[in-house]
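What's counted below: heavy atoms across the whole structure, side chains too, no hydrogens, waters or symmetry copies.
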Amino acid sequence: MSRIVIKRYISLDFISADYKDCYLEFKTIPMKDYEKYVELASKNQDEKKAVGFITSTLQDLFISGKFIGEDGELFDVKKEELGDFDMNVMITVFKTLTGQDQNPN
């Protein structure tokens with residue numbers, strides 16, 4: 001395990017202003033592992049496999065997060081709950097994390 005861990009904080013305010021205090025935080029993909037993720041991504045091109053690949057990758061790299069509940073209070077997000085977000089949010093988060101979208105707003 002590397003001593004160098006770079007964290008990426010992704011605000012969820014791109015969903016709407018109601019989510020300005022919500023965020024997800026992930027470890028970034030180390031350069032030494034990037035080729036492995038590119039290879040996995042190329043094997044998971046069809047839509048069904050891509051959904052699983054994105055979800056499992058985000059769960060593997062997940063550190064923490066906060067989301068607003070129906071009661072208006074923030075709660076801690078668990079990695080198992082990442083699959084509860086909609087496809088648009090997860091794709092935006094994935095693209096931001098992997099550098100495909102530097103500014104999701």
Could you tell me which non-hydrogen atom of [X] sits nearest to which non-hydrogen atom of [Y], and how far apart they are?
X: Phe26; Y: Leu58; value: CE2-O, 3.3 Å
X: Lys27; Y: Leu97; value: O-CD1, 3.9 Å
X: Val93; Y: Phe14; value: CG2-CZ, 4.3 Å
X: Asp13; Y: Lys20; value: CB-CA, 3.8 Å
X: Val89; Y: Asp86; value: N-OD1, 2.8 Å
X: Arg8; Y: Thr96; value: NH1-O, 3.2 Å

Show which residues join Tyr9 in its hydrophobic cluster (side-chain heavy-atom contacts under 4.5 Å, direct or indirect), or state none.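 Result for Tyr9 is Tyr23.
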Could you tell me the separation between the OG1 atom of Thr57 and the CE atom of Met90, rounded to the nearest 0.5 Å?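 Between Thr57 OG1 and Met90 CE, I get 12.0 Å after rounding to 0.5 Å.
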For the OG1 atom of Thr92 and the CG atom of Leu12, what is their distance to the nearest 0.5 Å?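 So the OG1 of Thr92 and the CG of Leu12 are separated by 9.5 Å.
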Please name all residues satisfying side-chain hydrogen bond (donor to acceptor under 3.5 Å, both in side chains) with Ser64, sequence neighbours left out, ordered by chain then number.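 Ser64 satisfies side-chain hydrogen bond (donor to acceptor under 3.5 Å, both in side chains) with Glu25 only.
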With Ser56 via side-chain contact (heavy atoms from CB on, under 4.5 Å) - residues at least two apart: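 Scan of Ser56 (side-chain contact (heavy atoms from CB on, under 4.5 Å), adjacent residues dropped) gives none.
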Under 3.5 Å, side-chain donor or acceptor atoms of residues 68-85 against the rest of the protein: list the pairs with distances, not counting sequence neighbours.
from: Asp71; atom 1: OD1; to: Glu73; atom 2: N; distance (Å): 2.9
from: Asp76; atom 1: OD1; to: Lys66; atom 2: NZ; distance (Å): 2.5
from: Glu81; atom 1: OE1; to: Lys78; atom 2: N; distance (Å): 2.8

Is there a path of hydrophobic side-chain contacts, each under 4.5 Å between heavy atoms, that joins Phe94 and Ile6?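 In one cluster with Phe94: Ile6, no.
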